[in-house]
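Below: one structure, written as structure tokens.
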Amino acid sequence: MNFDEAMNVDKVSFGDMPPQPFLLGLLSAFDNRYQAAADVYFNEITWKQFFAIICINLCKAPPTLNELSEIMGSSHQNVKQILLKLEKKGFVSTISDEKDKRKQRVLVTDKCKEFLEQNDKDGRQSSYVIGRIFSGIDEKSLQITIETIMKMERNLSKL
């Protein structure tokens, strides 16, 4: 889809929409488009499954389901479904927490590590696809965007 064409004022009317709801809509639409494109990029797993792997790898110790849900910004039930599918594919496994046997910790498997080596160094998707998405965006603009979204995230957590 050509975003500029779809957002042509002949097709869409934003009226006097303030920039805040416009930005939220833009972020949502971007997320949907990115997810669709990323789902095509990986043959074995979906973008959401890949994102779960990224989040697991960001943790200093294997996370619990609740910790991973918090990091991913998703519900316990949604993350559980993602992990079940990854476990079925052999990408993650769970172990009991050493201190609290009721808790399960999530680990990436050797199969997952091999997948990451083949598709994307250490799960941070530093591939040329990301480079293309950020093409023409300077470091200062990127930093401002990150800071803005981080502030929005903090405000959201206070709701």
Side-chain angles (χ1 to χ4, degrees), residues 1-3 6 23-157 159:
M1 175 185 161
N2 182 325
F3 178 77
L23 177 59
L24 289 174
L26 194 60
L27 288 171
S28 293
F30 175 81
D31 182 51
N32 292 337
R33 281 191 265 291
Y34 180 75
Q35 183 175 332
D39 282 351
V40 172
Y41 183 72
F42 299 112
N43 293 328
E44 294 180 67
I45 61 175
T46 66
W47 162 247
K48 286 188 179 190
Q49 292 168 348
F50 185 70
F51 182 61
I53 292 167
I54 292 170
C55 292
I56 293 166
N57 284 335
L58 289 174
C59 296
K60 293 180 181 177
T64 64
L65 179 58
N66 287 339
E67 290 167 343
L68 189 57
S69 297
E70 182 72 24
I71 293 165
M72 291 179 66
S74 191
S75 72
H76 179 276
Q77 294 86 350
N78 286 343
V79 174
K80 178 77 172 168
Q81 289 303 310
I82 291 168
L83 292 177
L84 287 172
K85 290 174 184 170
L86 284 170
E87 191 169 31
K88 189 175 182 180
K89 294 176 183 184
F91 281 70
V92 299
S93 63
T94 57
I95 58 168
S96 294
D97 183 85
E98 291 178 10
K99 296 177 183 170
D100 185 347
K101 299 296 181 196
R102 297 171 296 175
K103 292 181 180 179
Q104 294 289 303
R105 298 212 167 260
V106 183
L107 303 160
V108 294
T109 63
D110 288 339
K111 179 180 179 177
C112 182
K113 291 173 186 173
E114 289 173 20
F115 172 83
L116 294 174
E117 285 179 22
Q118 291 171 358
N119 289 281
D120 194 83
K121 289 288 184 202
D122 74 22
R124 297 177 194 267
Q125 200 171 18
S126 55
S127 67
Y128 104 107
V129 173
I130 292 294
R132 289 182 60 194
I133 291 171
F134 288 97
S135 176
I137 301 172
D138 64 77
E139 201 68 30
K140 183 178 179 184
S141 296
L142 194 54
Q143 191 61 40
I144 291 168
T145 303
I146 291 168
E147 289 171 10
T148 301
I149 292 173
M150 298 279 292
K151 286 177 187 176
M152 291 167 58
E153 182 73 30
R154 284 186 204 97
N155 292 341
L156 181 63
S157 70
L159 293 180

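- Listed by chain and number, the residues in a salt bridge (Lys or Arg N to Asp or Glu O under 4.0 Å) with Asp31 amount to none (sequence neighbours excluded).
- Shown here is Glu70, whose CD atom has no more than 12 heavy atoms of other residues, nucleotides or ligands within 6.0 Å.
- Val108 is not listed as a side-chain neighbour of Leu116, based on a closest heavy-atom distance of 4.5 Å or more.
- Qualifying side-chain hydrogen bond (donor to acceptor under 3.5 Å, both in side chains) partners for Asn78, counting only residues two or more places apart in sequence or in other chains: Ser75.
- Every residue two or more places apart in sequence or in another chain that forms a side-chain hydrogen bond (donor to acceptor under 3.5 Å, both in side chains) with Lys89 is listed here: Gln49.
- A search for side-chain contact (heavy atoms from CB on, under 4.5 Å) contacts involving Gln35 returns Asp39, Trp47, Lys48, not counting sequence neighbours.
- Heavy atoms of other residues, nucleotides or ligands lying less than 6.0 angstrom from CD of Glu147 number more than 12.
- Residue pairs meeting the ring-ring contact (aromatic ring centres under 6.0 Å, His included) criterion with at least one member in residues 61-86: none, sequence neighbours excluded.
- Taking the side chain as every heavy atom from C-beta outward, Ile53 and Ile45 approach each other to under 4.5 Å.
- Remark: the backbone N or O of Gly90 is paired with a side-chain donor or acceptor of Thr109 at under 3.5 angstrom.
- Remark: Arg154 pairs with Met150, Lys151 by the side-chain contact (heavy atoms from CB on, under 4.5 Å) rule, at least two apart or across chains.
- The local environment of NZ in Lys111 is crowded, with over 12 non-hydrogen atoms from other residues, nucleotides or ligands closer than 6.0 Å.
- Under the salt bridge (Lys or Arg N to Asp or Glu O under 4.0 Å) criterion, Asp138 pairs with no residue, sequence neighbours left out.
- Identified under the salt bridge (charged side-chain N to carboxylate O under 4.0 Å, His left out) test for residues 90-100, with sequence neighbours left out: Asp97-Arg105, Asp100-Arg102.
- The structure places CZ of Phe51 at 11.0 Å from CD1 of Ile56, a figure rounded to the nearest 0.5 Å.
- Two residues are said to be in side-chain contact when any heavy atoms from C-beta on lie closer than 4.5 Å; Leu156 and Met152 fail this criterion.
- Enclosure of atom NZ in Lys88 is not indicated, since only 12 or fewer non-hydrogen atoms of other residues, nucleotides or ligands lie within 6.0 angstrom.
- When the side-chain hydrogen bond (donor to acceptor under 3.5 Å, both in side chains) test is applied to Gln77, no partner is found at least two apart in sequence or on another chain.
- Contact detail for Pro62 and Glu67: the closest heavy-atom pair is O-OE1, 4.3 Å.
- Thr94 meets the side-chain hydrogen bond (donor to acceptor under 3.5 Å, both in side chains) test with Gln104; sequence neighbours excluded.
- In this structure the side chain of Leu68 reaches within 4.5 angstrom of the side chain of Leu83, judged on heavy atoms.
- Remark: Leu27 CG to Leu23 CG distance equals 4.5 Å, nearest 0.5 Å.
- Residues forming a side-chain contact (heavy atoms from CB on, under 4.5 Å) with Asn32 (at least two apart in sequence, or on another chain): none.
- The side-chain contact (heavy atoms from CB on, under 4.5 Å) search around Ser28 returns none, not counting sequence neighbours.
- The CD1 atom of Ile146 lies 13.5 Å from the CD atom of Glu153; values are rounded to the nearest 0.5 Å.
- Within the model, atoms CG of Leu58 and CD1 of Ile54 stand 7.5 Å from one another, a figure rounded to the nearest 0.5 Å.
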